[in-house]
Structures are given as structure tokens and as C-alpha cells.
Asks: 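Below is the structure I would like to discuss, written out as C-alpha cells.
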Amino acid sequence: MSNTNRPVVTRFAPSPTGFMHIGGVRTALYAYLYAKKNNGTFILRIEDTDKNREVDGSIAHIMESLSWLGLTWDFGPDKPGLFGSCLQSDRLDIYKKYAQQLVDKGLAYPDPYTSEQLEQFRKEATEEKRPFLFRKHRPDTYETWDGTKPLRFKVPEVKRYKWHDEVRGDLSAGEEMLDDIIIMKADGYPTYNFAHIIDDLEMGVTHVMRGEEFIASTPKFLSLYDALEIARPIFVTLPPIMGPDGKKKLSKRDGAKDLLEYKNEGYLPAAMNNMLALTGWNPGGNNEIFTMSELVEKFSLDRIQRSGGAFNEEKLLHMNKEHLKSLSGEEKISYFIDALPESTKTLPGYSTEQASKLAVVVFERAALKKEITQAAEVGEYDWAFSDPEYEKTLLQWKNDDSLQEALPRLENVHKLLEDADFSSTEAIKSAVWTYAEETGKGEVLWPLRVALSGRQQSPDPFTLAYILGREKTLVRIAHACDKISG
């Protein structure tokens, strides 16, 4: 039995046990890309059968994370399908039905042992230096299953299993991986080993994408597929996500963060999708910057790597800067204004118009909303919205013998700008540039920069004047002249 010729159906099936980490998000992205590439279906399924580990708010968090990235699901917690709910906790009758099928076939039985007896079995195995296998203690007769005891799958055949993986190729594992595993717990909930197989069957999943940690368990899954007489899905084992050095898996200790932290810092979803896609998949060629539509177009299983891919925040930052360039003017302004703290927005000269002019300048070097916020918090943009305060000695050019030498230069610039064209930075520059070249660029432009911004480091004075406008520019130059004269 094969899934090869069926419409593609992929799924992302996280447990609601905490934040969305990068590895899980990449699995969702690959499943989404492959489904969309093949005009298929992408399902968000919540595997919430372990109620002891469930964290309040996790389901909403998962949905918000995927929505931010634009990974829209065809069926999910909020969109049930003909197969029913996408929440496993709503599907208990379905698992019970399939479990009963195994019982009726003689392929499942209630666990007769107490936890103390099981512990003794494990202790004996350890003392004898052999792996503990429950099937070695399988009872000869079974009680009728009434749901009050764990239900175990009875491995029908202990053999070596072979299977094909789209990334790893042909794989196999021996009888040491097969055991009488629990498929239904005493609380009425299924185990992962059983529930995901039933859900994939019921939901028509054709391709199962997951991490390499599941390879060892695959023989157990295959045994269940055979017992239930259902088709195997196509297995796609994804490579691990490594830390920046590429030597070990990314972990919290290495700086792994909740996905939404990246959102709050101002990373664009396009940049995050771009980075995650290339962390374990190689599209070929030299280009590294892709839109979502380009990723869908290029994505293929045969270019998923076997070896791990490094998640590097420096590279993510670079990608974010590149994707910021593709934003429209209005989107850049919105991004910039959203990044400004309230302390900046309450300055006396703040206006959306002024902020919009400043945004264009800031975007020439900013790569992240967090950078804009931090710069604003230390007053780097205050000059645009309030008259600067500075010591008059700052107006003196480093090569001048006295501050007084700056006065006639500023007065001349004031005259040149009185009737200048302020429609662009270049227009303002053309009004002053000849004089600056004749007198000395530093001698003219340094005091002009300080007069307009009050800072040693700021955009060039022509940009400052354009953002401030004619009236404020002339007032600030006149104020600087008064400082020197006083």
C-alpha cells in the first residue's frame, strides 16, 4: 500500500507544553512549503494527550506563532475537517475504536502488572545486563479490557524492519527495537506512539516530517501500521538544527528563544522563514534571499540535507536587513514608528510627518526594530523632535584655533539656505556644497551638523536639514550663532 499517488497532505503536530522553539517551527515550515508546492493540504494538529505536561495558553501561542509566519493551516484547532477535531483530546472515541480493533484481533491486551512489578522486571534486566523488553513478560492470558488499565500492543511479529526515508534513504532496525508498548493509558488517553498513527490515517496524511530522534521508534510504528493493515506514509527525516558553531544541537543554553521573541525584537516573518528554510535545505545557486512564494516554488524533498544546519542570528540579522529593503515606503514608516518608544513620541516636536522623513534615513543602516528602539531610548533621534541642548564648544571644528572661527561660516550657510530648495537632500546640498569646498568641508559641515542635531554623530547635515525643514533649520543655525556670539 502506498501514499505516492494521493493528494499531498502534511501536518505539524506540536504538543502544547511550552514555547515554540526553532526546531518545531522549521518542521512546520517545511510541511507547509511542501503542501503548498504540491497544491496539497497543511494541517495543524495539537497533540494534547499528556495533560500533566500541558501549559495553559500554549495552543493559542502555537497558533499565533504560525500565523505570524504566514503558515496558514487548512485544518486546525479552529478549523475541524470531515475527520473531526484537530485536538487529540477531542478524539478519544476514535482512538478507543482502533484500540478495540487490535483487541479483537488479539493484538492488544490490558497490562496486568503493578508499577512495583514492572520496576522489579527492569531491575532484573539491569542486573543481568540486558535491555528490558516487556514482551518477555507478556502474560499467557488476558483480562477483558475495560479501560481501567493501560492497554498494550502485542507485537505480532518480531523481525527486522526495513523502510525508506526521503532524506536518509533505505533504513532498517532489528528486533531489539520492538516491544509491547502502551497504546492507551489508564486515564483513557492514547500514547503518542498510537495516536499519531491513527490521526495520520484519519486525516489522510501522506508525508510525515519529523526529527531524527524518531528514527529509533520507527520499527514500533511500522509494526502498528502492519497490525492495523494501513498504508505507511512517506517518511521525511529532517536534519537537526545546530548552534551557531555547527557542532551541537541548538538549545536554550546556546540562546534558543521562543519564536515570538524574534517577532517582538522586530524580525520580519519573511526573514525568519528565509533563515529557517535554509537551515537544513539547499535550494542550489548562490542566492540566499527568498520570498515565501519563491520558497514554495523552489522547495523539494531531495534538497533537504542529512547533516545538521546551523542557526546563526548574525545571518538572520543580515536577512532581516535585506527583507526590510523590500518593504514599501508606508510599511517602512509603520515599522519605524512602531519601534519608537513612548518617550520619543511625547517629545514636543513629534509628528508622524517628521517621523516619516526620519524613517527613510534610519532604514539606510538599521536592520532590526530593536536597534531603532534602543537608539531612540538613548536620544539618538531626539534632534528631529526637539531643539537640541549642547555645549557651544562642540561647534568648534578640530582644526580651528577658536570657536569664533565657526561663526562666519554658520552665518554664510544661513544666508545660502534662506532661499534654497528644501525639496530633497540633494537640493539642500547643492546650495551649500560649493561654499563648503572653497572654505573647507569639515570647517563648514561640522558646526552645521552640531547646530542642527546637537550631536557629534548623526546623519549628514543635509539630511538633517531636509528632515527638519527650512524654518527649523534656519532657527537652529541662528541659535548656534547666538551661542558663539554670547
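Keep in mind it's a predicted model, so treat the numbers as computed, not measured.
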Asks: Using the side chain to side chain donor-acceptor pair (under 3.5 Å) rule, take Glu313 and Tyr262 through it: C-alpha gap first, then chi angles, then the decisive distance, then the call.
Replies: CA-CA 10 Å; Glu313 285 203 4; Tyr262 290 100; 2.7 Å; yes
Asks: Measure from the side-chain N and O atoms of Ser58 to the backbone N and O of Val55, and report whether any donor-acceptor pair falls under 3.5 Å.
Replies: yes
Asks: Look at the side chain of Thr218 and the backbone N and O of Ile215, then say whether any donor-acceptor pair between them is shorter than 3.5 Å.
Replies: yes
Asks: Looking only at non-hydrogen atoms, find the nearest pair between Ala108 and Ile183 and report the distance.
Replies: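 For Ala108 versus Ile183, the nearest heavy atoms are CB-CD1, 4.4 Å.
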Asks: Tell me which pairs pass salt bridge (charged side-chain N to carboxylate O under 4.0 Å, His left out) where either residue lies in residues 325-341, with sequence neighbours left out.
Replies: Glu322-Lys325
Asks: When you measure from the side chain of Arg455 to the backbone of Arg449, do you find a donor-acceptor pair of N or O atoms at a distance under 3.5 Å?
Replies: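 Flag not set: sc Arg455 to bb Arg449 has no pair under 3.5 Å.
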Asks: Show the numbers, then the answer: is there a side chain to side chain contact (heavy atoms under 4.5 Å, CB included) between Trp383 and Ile467?
Replies: CA-CA 10 Å; Trp383 58 267; Ile467 292 171; 3.6 Å; yes
Asks: Indicate the ring-plane relationship of Phe121 and Tyr113, choosing parallel, tilted or perpendicular according to the 30° and 60° boundaries.
Replies: perpendicular
Asks: What's the spacing between Asn274 CG and His323 NE2 if we round to 0.5 Å?
Replies: 3.5 Å
Asks: Run the salt-bridge test on Arg45 and Asp200 with the 4.0 Å N-O cut-off and return the result as yes or no.
Replies: yes
Asks: To the nearest 0.5 Å, what is the distance between CD (Glu54) and CD1 (Ile59)?
Replies: 5.0 Å
Asks: State, with a plain yes or no, whether a side-chain heavy atom of Val167 is found less than 4.5 Å away from one of Phe235.
Replies: no
Asks: Rounded to the nearest 0.5 Å, what separates atom CD in Gln101 from atom CD in Glu229?
Replies: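 Output value for this atom pair is 9.5 Å.
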Asks: Who are the ring-ring contact (aromatic ring centres under 6.0 Å, His included) partners of Phe194, not counting sequence neighbours?
Replies: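 Phe194 satisfies ring-ring contact (aromatic ring centres under 6.0 Å, His included) with no residue once adjacent residues are dropped.
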Asks: What's the spacing between Asn273 CG and Met292 CE if we round to 0.5 Å?
Replies: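 Output value for this atom pair is 3.5 Å.
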Asks: For Ala227, is there any backbone N or O sitting under 3.5 Å from a side-chain donor or acceptor partner on Lys105?
Replies: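 Such a contact is found between Lys105 side chain and Ala227 backbone.
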Asks: Could you tell me which residues satisfy side-chain hydrogen bond (donor to acceptor under 3.5 Å, both in side chains) with Ser172, sequence neighbours excluded, listed by chain and number?
Replies: Arg160
Asks: Does Asn287 CG have over 12 foreign heavy atoms under 6.0 Å away?
Replies: yes
Asks: Within a strict 4.5 Å, meaning less than it, do heavy atoms of the Phe134 and Arg152 side chains meet?
Replies: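 Contact flag for Phe134/Arg152 side chains = yes.
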Asks: For the residue pair Tyr34 and Val8, establish whether any side-chain heavy-atom pair is separated by less than 4.5 Å.
Replies: yes
Asks: Look at the aromatic rings of Tyr192 and His196 and report parallel, tilted or perpendicular, splitting at 30° and 60°.
Replies: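 Ring orientation of Tyr192 relative to His196: parallel.
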Asks: With Asp180, which of Arg138, Lys154, Lys136 fulfils salt bridge (Lys or Arg N to Asp or Glu O under 4.0 Å)?
Replies: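 The passing option is Arg138.
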Asks: Please list all pairs passing the salt bridge (charged side-chain N to carboxylate O under 4.0 Å, His left out) test where one or both residues lie in residues 364-379, with sequence neighbours left out.
Replies: Glu265-Lys370, Arg365-Glu380
Asks: Step by step, work out the side chain to side chain contact (heavy atoms under 4.5 Å, CB included) result for Phe19 and Glu261.
Replies: CA-CA 10 Å; Phe19 72 79; Glu261 286 187 52; over 6 Å; no
Asks: Cation-pi between Lys36 and Phe42: NZ/CZ under 6.0 Å from ring centre and within 45° of the ring axis?
Replies: no
Asks: Within a strict 4.5 Å, meaning less than it, do heavy atoms of the Tyr98 and Ile197 side chains meet?
Replies: no
Asks: With distance as the sole test, does Asn320 use its side chain to make a donor-acceptor pair with the main-chain N or O of Leu268 at under 3.5 Å?
Replies: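 Between the backbone of Leu268 and the side chain of Asn320 there is a qualifying donor-acceptor contact (under 3.5 Å).
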Asks: Using a 3.5 Å distance criterion without hydrogens, assess whether the side chain of Thr126 forms a donor-acceptor pair with backbone atoms of Arg122.
Replies: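 Checked: pair present.
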Asks: Can a donor-acceptor pair be found, under 3.5 Å and without considering hydrogens, that links the side chain of Gln117 to the backbone of Thr114?
Replies: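 Looks like yes, one N/O pair under 3.5 Å.
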Asks: Flag the pair Val9 / Met203 as yes when at least one side-chain heavy-atom distance between them is below 4.5 Å, and no otherwise.
Replies: no
Asks: Among side-chain atoms of Asn193 and Thr191, is any donor-acceptor pair under 3.5 angstrom?
Replies: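 No - no donor-acceptor pair under 3.5 Å links their side chains.
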Asks: Not counting sequence neighbours, which residues clear ring-ring contact (aromatic ring centres under 6.0 Å, His included) with Tyr381? List them please.
Replies: Phe336
Asks: Is it true that a side-chain atom of Asp48 and a backbone atom of Ser89 form a donor plus acceptor pair closer than 3.5 Å?
Replies: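 Yes, because the side chain of Asp48 sits within donor-acceptor range (under 3.5 Å) of the backbone of Ser89.
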Asks: Is the shortest side-chain heavy-atom distance between Val361 and Tyr466 below 4.5 Å?
Replies: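 No, every pair of side-chain atoms sits at 4.5 Å or beyond.
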Asks: For the backbone of Thr49 and the side chain of Lys185, can you confirm whether one donor and one acceptor N or O come within less than 3.5 Å of each other?
Replies: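 Here the side-chain-to-backbone pair exists.
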Asks: So, for Lys162 and Leu222, which heavy atoms are closest and what is the spacing to 0.1 Å?
Replies: O-CD1, 4.3 Å
Asks: Which value, rounded to the nearest 0.5 Å, describes the distance between Leu33 atom CG and Leu301 atom CG?
Replies: 10.5 Å
Asks: Which heavy-atom pair separates Ser85 from Arg91 by the least distance, and what is that distance?
Replies: O-NH1, 3.0 Å
Asks: Could you walk me through whether Tyr95 and Asp199 satisfy the side chain to side chain donor-acceptor pair (under 3.5 Å) test, starting with their C-alpha distance in whole Å, then the side-chain angles of each, then the deciding distance to 0.1 Å, before giving a yes or no?
Replies: CA-CA 9 Å; Tyr95 309 127; Asp199 286 336; 2.8 Å; yes
Asks: Step by step, would you call Asp179 with Phe153 a side chain to side chain contact (heavy atoms under 4.5 Å, CB included)?
Replies: CA-CA 8 Å; Asp179 200 11; Phe153 170 58; over 6 Å; no
Asks: How far apart are the closest heavy atoms of Ser300 and Asp302, and which atoms are they?
Replies: OG-OD1, 2.6 Å
Asks: Taking the six-membered ring of Phe299 as reference, does the cationic atom of Arg303 (NZ for Lys, CZ for Arg) lie under 6.0 Å from its centre and within 45° of its axis?
Replies: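 No, cation not above the ring by the 6.0 Å, 45° rule.
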Asks: Using a 4.5 Å cut-off on heavy atoms from C-beta on, say whether the side chain of Asp187 contacts that of Lys51.
Replies: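 With C-beta onward as the side chain, the pair stays apart.
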Asks: If you compare all heavy atoms of Ala271 against all heavy atoms of Leu316, which two are closest, and at what distance to 0.1 Å?
Replies: O-CD1, 3.7 Å
Asks: I'd like to know whether CD of Glu353 has more than 12 heavy-atom contacts from other residues, nucleotides or ligands below 6.0 angstrom.
Replies: no
Asks: Is Leu44 close to Cys86 at the side-chain level, that is, under 4.5 Å between some pair of heavy atoms?
Replies: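 No, their side chains stay 4.5 Å or more apart.
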Asks: To the nearest 0.5 Å, what is the distance between CZ on Arg135 and CD1 on Ile181?
Replies: 12.0 Å
Asks: Kindly determine whether Tyr30 and Val236 satisfy side chain to side chain contact (heavy atoms under 4.5 Å, CB included), including the steps that lead there.
Replies: CA-CA 10 Å; Tyr30 283 13; Val236 185; over 6 Å; no
Asks: Could you go through Asp146 and Thr148, starting from their C-alpha distance and side-chain angles, then the distance that decides it, and tell me whether this counts as side chain to side chain donor-acceptor pair (under 3.5 Å)?
Replies: CA-CA 6 Å; Asp146 61 4; Thr148 61; 2.6 Å; yes
Asks: So, Lys429 side chain and Ser424 main chain: donor-acceptor pair closer than 3.5 Å or not?
Replies: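 No; zero donor-acceptor contacts below 3.5 Å.
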Asks: Looking only at non-hydrogen atoms, find the nearest pair between Gly280 and Arg26 and report the distance.
Replies: CA-NH1, 4.0 Å
Asks: Taking only residues two or more places apart in sequence, or in another chain, which ones meet Glu212 in a salt bridge (charged side-chain N to carboxylate O under 4.0 Å, His left out)?
Replies: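 Applying salt bridge (charged side-chain N to carboxylate O under 4.0 Å, His left out) to Glu212 gives Arg168, Lys249.
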